[in-house]
Amino acid sequence: MDTIRLLDRLLPDAVRKQRLGHKALRALWSLSPAGRKPDFLIVGAQKAGTTFLHNVIGGHPSVKRPVTKEVAFYTYGYSKGLRWYFSHFPKTGPGQLAFESTADYLFHPLVPQRIAETLPDVKVVICLREPVSRAVSHYQHSVAMGFETLDFRDAILSERDRVAAEYEKLQADPDYEARSLMRFSYGEKGKYIDQIRRYEAVMPRDRMLFLNSKEIFSDTNSALAKVEKFLGLPAWIPAAAVAAKNVAKTKATLDEEALAHLAAMYEEPNTELLDHLGWGKAW
């Protein structure tokens, strides 16, 4: 048995990462790229339970985690090529699936087409959250990470002007990273119907699973069962509760005008989305 297969077989993911480091592990996996690609993706939305779901499903005995949760290949690393991307995934055995989770894959306008062209059989899991609370959580996250210097009102009300140039740069250069667009689109990221339709334009609906963040957090086993059925995985119950990650520790002062602006922005898209998914009054 060669060294790569031996390490894949004997060393658990956490041990391999600790001993080898992410770069060394990717270098090892890249030596044998055949079969090293994701079977499914958790594509977002940001602040809608993607990290929590990643940690839950990543514990499934038939699922193998990537080197790092957010590979971000289809947003920030596409020019590096598929060999670089596939080097993030372990080789899977019979009945095993590999995956990754990058929350900006749902919103980035070029990602659905890129996924369809490079992973024609992949399945995607889409987590959705009531969009006003999602925008608030997103803003708090940006402040906590040191990305955001504006107060909540100014960040929400100036969003359109603030990110307009990002779309133009991305259109002119598909390899442009558009990090400001990803970080500061608090309102636009909650218009899920537009983002879902970009995916539906390039892949069949039966390769997509939509989950409500309420269920992900409050009835995790039910959400997990849906994912297992969608992916064809055997039923499994986590041995221990999984703690929520990326929860904002500080709360922003919320301006009522900005909240009303968001509520008005989502009124029509929400109606269209819930009808499209058949969710009823999901929020």
Side-chain angles (χ1 to χ4, degrees), residues 12-14 17 38-75 88-89 97-108 111 122-145 147 182-183 186 189-190 192 195-196 199 208-231 233-252 273 277 279 282-283:
D13 290 342
K17 290 177 184 179
D39 299 284
F40 69 97
L41 306 171
I42 301 176
V43 301
Q46 184 186 13
K47 310 308 294 181
T50 56
T51 299
F52 182 79
L53 185 62
H54 176 94
N55 290 332
V56 171
I57 195 65
H60 194 292
S62 296
V63 171
K64 304 197 77 171
R65 295 173 184 248
V67 169
T68 184
K69 169 186 170 269
E70 292 210 352
V71 181
F73 171 67
Y74 291 104
T75 47
H88 288 77
F89 302 98
L97 302 179
F99 82 114
E100 66 126 330
S101 309
T102 299
D104 279 336
Y105 284 173
L106 181 61
F107 180 67
H108 193 292
V111 165
V122 79
K123 293 185 175 182
V124 299
V125 178
I126 298 173
C127 309
L128 302 177
R129 177 180 177 180
E130 189 281 315
V132 174
S133 64
R134 193 223 67 83
V136 171
S137 182
H138 179 180
Y139 171 78
Q140 292 170 338
H141 175 76
S142 290
V143 171
M145 294 297 292
F147 301 145
M182 298 297 106
R183 288 172 179 169
Y186 305 115
K189 279 190 174 181
Y192 306 127
Q195 300 160 53
I196 289 170
Y199 273 86
M208 291 176 266
L209 175 66
F210 302 96
L211 295 174
N212 190 328
S213 66
K214 278 187 178 180
E215 182 178 19
I216 293 172
F217 288 112
S218 66
D219 194 354
T220 303
N221 286 343
S222 173
L224 176 61
K226 291 179 180 178
V227 175
E228 289 168 340
K229 181 179 180 181
F230 174 62
L231 298 174
L233 292 170
W236 166 77
I237 298 177
V242 177
K245 300 289 185 180
N246 297 332
V247 177
K249 296 180 180 179
T250 58
K251 304 298 181 182
L273 170 75
L277 298 181
W279 277 11
W283 311 131

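Note that the structure is predicted; figures quoted are calculated from it, not measured.
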Pairwise side-chain contact, [X] with [Y], heavy-atom cut-off 4.5 Å (strictly under):
{"X": "F210", "Y": "W279", "result": "yes"}
{"X": "V125", "Y": "K123", "result": "no"}
{"X": "I42", "Y": "I57", "result": "yes"}
{"X": "L211", "Y": "V227", "result": "yes"}
{"X": "P234", "Y": "H60", "result": "yes"}
{"X": "L224", "Y": "P238", "result": "yes"}
{"X": "E215", "Y": "K226", "result": "yes"}
{"X": "V43", "Y": "Y199", "result": "yes"}

Exercise. What orientation do Y186 and H138 show, parallel under 30°, tilted 30 to 60°, or perpendicular over 60°?
Worked result: perpendicular
For this session: If the plane angle is over 60° it's perpendicular, under 30° parallel, otherwise tilted; pick one for H54 and F99.
Result: tilted
Closest heavy-atom pair and its distance - [X], [Y]:
{"X": "R134", "Y": "A45", "value": "CD-CB, 4.5 Å"}
{"X": "C127", "Y": "I216", "value": "SG-CD1, 3.6 Å"}
{"X": "T102", "Y": "A72", "value": "OG1-N, 3.2 Å"}

So, the side chain of [X] versus the backbone of [Y]: is there a donor-acceptor pair under 3.5 Å, distance only?
{"X": "Y192", "Y": "R129", "result": "yes"}
{"X": "E100", "Y": "P66", "result": "no"}
{"X": "E228", "Y": "W236", "result": "yes"}
{"X": "R65", "Y": "N55", "result": "yes"}

For this session: Can you spot which of Q46, R183, E70 makes a side chain to side chain contact (heavy atoms under 4.5 Å, CB included) with D104?
Result: Q46
Problem set entry | K214 NZ to D219 CG distance, which is reported to the nearest 0.5 Å | 13.0 Å
Problem set entry | All side-chain hydrogen bond (donor to acceptor under 3.5 Å, both in side chains) counterparts of Y74, not counting sequence neighbours | T118
